[in-house]
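Worksheet: one structure, shown below.
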Amino acid sequence: MLKGKNILLGITGAIAAYKALELIRLFKKNNANVKVVVTPNALNFVTKTTLESLSQNPLNIEQFNISEYKPEHISLTDEADIFVIAPISANTISKIALGISDNLLTSTFCAFKKPVIIAPCMNTNMWENPAIIENLKILKQRNIKIIEPESGFLACGSYGKGRLQDINIIFEEVKNTLIPNQFLKNKKIVITAGGTKENIDAVRYIGNYSSGKMGIALADNAHKLGADVVLISTINTEGKQYKVTNVQTADEMFSAVKKEFKDADSLIMAAAVSDYRVKNKSEEKIKKNGSSLILELVENPDILKEMAKIKKDKQIVVGFCAESSDLIENAKQKILKKSCDFICANDISRKDTGFSSDYNELYIIDKKLNISKIEKTHKQIAALKILEKIYGKN
Ligand code: CTP
């Protein structure tokens, strides 16, 4: 896949340096030529022998290698097609934002004119430090691609944002930068995300635990693949480079989908739409009065089913199916009942995937009831695989 591509991987002194070993393995497995440059501190976390064995190249540590006619940082910049720094520490982020060139890695960055991707890793408090926020903003303005860390348990024992992003996501980003894949160019894709909220009164609603992560991952990936994306979401998302329409109720979602689907190539209903809404919702806050409260619920429109009914031949309609038992059987019933082109089924009884998790394991079922499985992976990677599947790319 990456044959003939020269990747320069920078590793700094951060605990996730050990994960960079897996990244080198992925690059090599895909036939890339990998050279590694480290800051002196990185060698507190990974060894020269391991890095040289995996990359099958000498490790670059010293700024001036007298056996070469060129300074080392200049020969490294000349050869590489891309510079990936993963993990990058708070210290190195700040240095490169200011142009400080006090070791081989920072000097190489300073002289590098081709694409650069950085994947930060640090303690949450450091990630939230105003100086780091400012320095990352500077780098972003200079077209440095930043792969934000994920939230989780950190090496320091706390929980929060700062863990190096999933290695597979870093790999996909590098691959997509070196060989841009634009198979969704000129396609309009409408995607829904999040759980709808059905008002009971002025302050209460009926809702569900959907985080919207799967729908947002689909929208992010479709955008990267060149699509004209419209995300219809109950979750507020900021800074997206595609159109986002915020909705709250199933009715609002239905109106937005109807409007956008007319000239779309596909619709992916990743949202968890409430099947019912309150018949007589109160505009005022309901007061308790010592007796039980009975709410009458009426059925919401089934957006997926309605859109599948009116879709033109070339339009693709994809549904999701979240089940806590008999996953495949229920998913098969659902695709037949709703007449959509594909259904992506996941088991919500599992704690390690689905709903609010960053990970998912899915089965994709087509109209002919053929089943393919997406093994447990990050939702960003699962999203890419779903898009590839529905557009026949795998
Ligand atoms: N869906 C929809 N409109 C609804 C309910 C669901 O468009 N009113 C869509 C969801 O976005 C999803 C698919 O239908 O893509 C399946 O949703 P799910 O909640 O699993 O199915 P339901 O039809 O609600 O069936 P049930 O809750 O009875 O399992």
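In this chain, residues are counted from 1 in sequence order. Whatever order the structure lists them in is the order used to number ligands and atoms, beginning at 1.
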Tell me, do Cys340 and Val318 make a side-chain contact under 4.5 Å, heavy atoms counted?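 The answer is no; the side chains never approach within 4.5 Å.
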Output, or 'none' if empty, a list of ligand 1-protein atom pairs in which both atoms are N or O and the distance is under 3.5 Å, rounded to 0.1 Å.
| unit_1 | atom_1 | unit_2 | atom_2 | d |
| --- | --- | --- | --- | --- |
| ligand 1 | 3 (N) | Ile303 | N | 3.1 |
| ligand 1 | 7 (O) | Ile303 | N | 3.3 |
| ligand 1 | 7 (O) | Leu304 | N | 2.8 |
| ligand 1 | 8 (N) | Pro301 | O | 2.9 |
| ligand 1 | 11 (O) | Met269 | O | 3.4 |
| ligand 1 | 11 (O) | Ala271 | O | 2.7 |
| ligand 1 | 14 (O) | Lys338 | NZ | 2.9 |
| ligand 1 | 15 (O) | Met269 | O | 2.7 |
| ligand 1 | 15 (O) | Phe320 | N | 2.8 |
| ligand 1 | 15 (O) | Phe320 | O | 3.3 |
| ligand 1 | 20 (O) | Lys334 | NZ | 2.8 |
| ligand 1 | 21 (O) | Lys334 | NZ | 3.1 |
| ligand 1 | 23 (O) | Lys338 | NZ | 2.5 |
| ligand 1 | 24 (O) | Asp275 | OD1 | 2.8 |
| ligand 1 | 24 (O) | Asp275 | OD2 | 3.0 |
| ligand 1 | 25 (O) | Lys334 | NZ | 3.4 |
| ligand 1 | 27 (O) | Asp275 | OD2 | 3.1 |
| ligand 1 | 29 (O) | Lys334 | NZ | 2.8 |

Does Lys385 have more than 12 heavy atoms from other residues, nucleotides or ligands lying within 6.0 Å of its NZ?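 12 or below, so no.
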Pair Ile100, Phe109 - check side-chain contact (heavy atoms from CB on, under 4.5 Å), show working. CA-CA 10 Å; Ile100 294 171; Phe109 174 84; over 6 Å; no
Contacts of type side-chain hydrogen bond (donor to acceptor under 3.5 Å, both in side chains), residue Glu148, not counting sequence neighbours: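 So Glu148 forms a side-chain hydrogen bond (donor to acceptor under 3.5 Å, both in side chains) with Lys161.
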Residue pair Asp366 / Asn370, side-chain donor-acceptor N/O under 3.5 Å: yes
Parallel, tilted or perpendicular: which describes the rings of Phe153 and Tyr159, with under 30° parallel and over 60° perpendicular? perpendicular
